[in-house]
Amino acid sequence: MSNAFELRLQLFQEARDYLVAQFDRDVLEWDRKNQEKLDIENKYSNDWSRYIDLKEEGKVSAEDCPIAPNPIKLPEYPKYPSREDILEMATFIRDFTNDKGGN
């Protein structure tokens, strides 16, 4: 059986691991959204360049002009969990495991 210090350290590590995994998932999602934004912007830029080239050659009309996409606003970049966040999660885990389940 573990002593109280080992149990506290274990709670802290569990909380840290959980929050870091959540951070990693949030970063992956942010990166996905950022790549989607870049892809849309690059497509529009390429379409615009192609339109200008064809316009100079007299091969397009005004109706062929690409329409600029609505600006995409990215959410705030995820923040790495602070020591306070980890301690709060460890306290939550401790309280949850101490709960006898009776209401």
Side-chain angles (χ1 to χ4, degrees):
M1 178 130 187
S2 301
N3 65 38
F5 296 110
E6 291 170 332
L7 290 174
R8 288 173 57 97
L9 177 60
Q10 202 171 26
L11 276 174
F12 184 86
Q13 290 170 334
E14 286 292 324
R16 182 197 60 215
D17 292 348
Y18 174 80
L19 290 174
V20 168
Q22 184 177 8
F23 168 78
D24 290 341
R25 285 189 307 270
D26 292 347
V27 167
L28 286 174
E29 180 62 14
W30 190 92
D31 287 342
R32 185 192 66 76
K33 289 178 180 179
N34 185 47
Q35 187 60 52
E36 182 180 321
K37 176 183 183 285
L38 292 173
D39 290 345
I40 290 170
E41 290 171 352
N42 285 337
K43 182 183 180 319
Y44 173 72
S45 178
N46 291 338
D47 289 348
W48 181 256
S49 294
R50 184 171 177 269
Y51 170 77
I52 294 298
D53 292 342
L54 292 174
K55 185 177 177 184
E56 289 173 357
E57 296 173 12
K59 296 182 179 179
V60 295
S61 63
E63 295 89 36
D64 297 326
C65 182
I67 298 173
N70 291 332
I72 297 173
K73 183 166 171 48
L74 290 174
E76 184 177 327
Y77 192 80
K79 292 182 177 139
Y80 195 80
S82 67
R83 187 176 69 87
E84 290 78 20
D85 296 334
I86 297 169
L87 290 173
E88 185 178 312
M89 179 57 70
T91 301
F92 172 79
I93 294 170
R94 184 197 65 210
D95 292 346
F96 179 78
T97 56
N98 285 341
D99 185 15
K100 303 290 186 220
N103 289 328

Nearest heavy-atom pair of [X] and [Y]: which atoms, and what distance?
X: Pro66; Y: Tyr44; value: O-CE1, 3.9 Å
X: Ala15; Y: Ala90; value: CB-N, 3.5 Å
X: Leu74; Y: Lys37; value: CG-CD, 3.9 Å
X: Met89; Y: Leu19; value: CB-CD1, 3.9 Å
X: Phe23; Y: Pro81; value: CB-CD, 4.0 Å

Criterion side-chain hydrogen bond (donor to acceptor under 3.5 Å, both in side chains) on Asn46 and Ser49, from CA distance to verdict: CA-CA 5 Å; Asn46 291 338; Ser49 294; 5.5 Å; no

Taking C-beta and beyond as the side chain, do [X] and [Y] meet within less than 4.5 Å on heavy atoms?
X: Trp30; Y: Asp26; result: no
X: Ile72; Y: Ile40; result: yes
X: Lys33; Y: Glu29; result: yes

Residue pairs passing the side-chain hydrogen bond (donor to acceptor under 3.5 Å, both in side chains) test where at least one lies in residues 10-19, sequence neighbours excluded: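 Counting only pairs at least two positions apart or across chains, no side-chain hydrogen bond (donor to acceptor under 3.5 Å, both in side chains) contact touches residues 10-19.
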
Asp85, Leu87, Ile86 screened by side-chain contact (heavy atoms from CB on, under 4.5 Å) with Arg83, the one that passes: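 Only one option passes, and that is Leu87.
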
May I ask you to check whether over 12 heavy atoms, not counting those of [X], lie within 6.0 Å of atom [atom1]?
X: Glu88; atom1: CD; answer: no
X: Tyr77; atom1: OH; answer: yes
X: Asn70; atom1: CG; answer: no

Whether Phe92 and Phe96 hold their rings parallel, tilted or perpendicular, with breakpoints at 30° and 60°: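 Taking Phe96 first and then Phe92, their aromatic rings lie parallel (interplane angle under 30°).
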
Tyr51-Ile67 co-clustered via ILVMFWY side chain contacts under 4.5 Å: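 No; Ile67 is not reachable from Tyr51 via cluster members.
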
Joint cluster assignment, Val27 & Val20, ILVMFWY side-chain distance < 4.5 Å: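 Shared cluster, yes.
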
Under-4.0 Å salt bridge between Lys43 and Asp47: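 Looking at Lys43 and Asp47, the cut-off is met.
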
Sidechain N-carboxylate O distance under 4.0 Å for Glu36, Arg32: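 Yes, charged N to carboxylate O under 4.0 Å.
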
Under 3.5 Å side-chain donor-acceptor pair for Gln35 and Asp39: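 Side chains of Gln35 and Asp39: pair found under 3.5 Å.
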
Rounded distance (nearest 0.5 Å) linking atom CD1 of Ile93 with atom OG1 of Thr97: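 If I round to the nearest 0.5 Å, the distance is 8.0 Å.
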
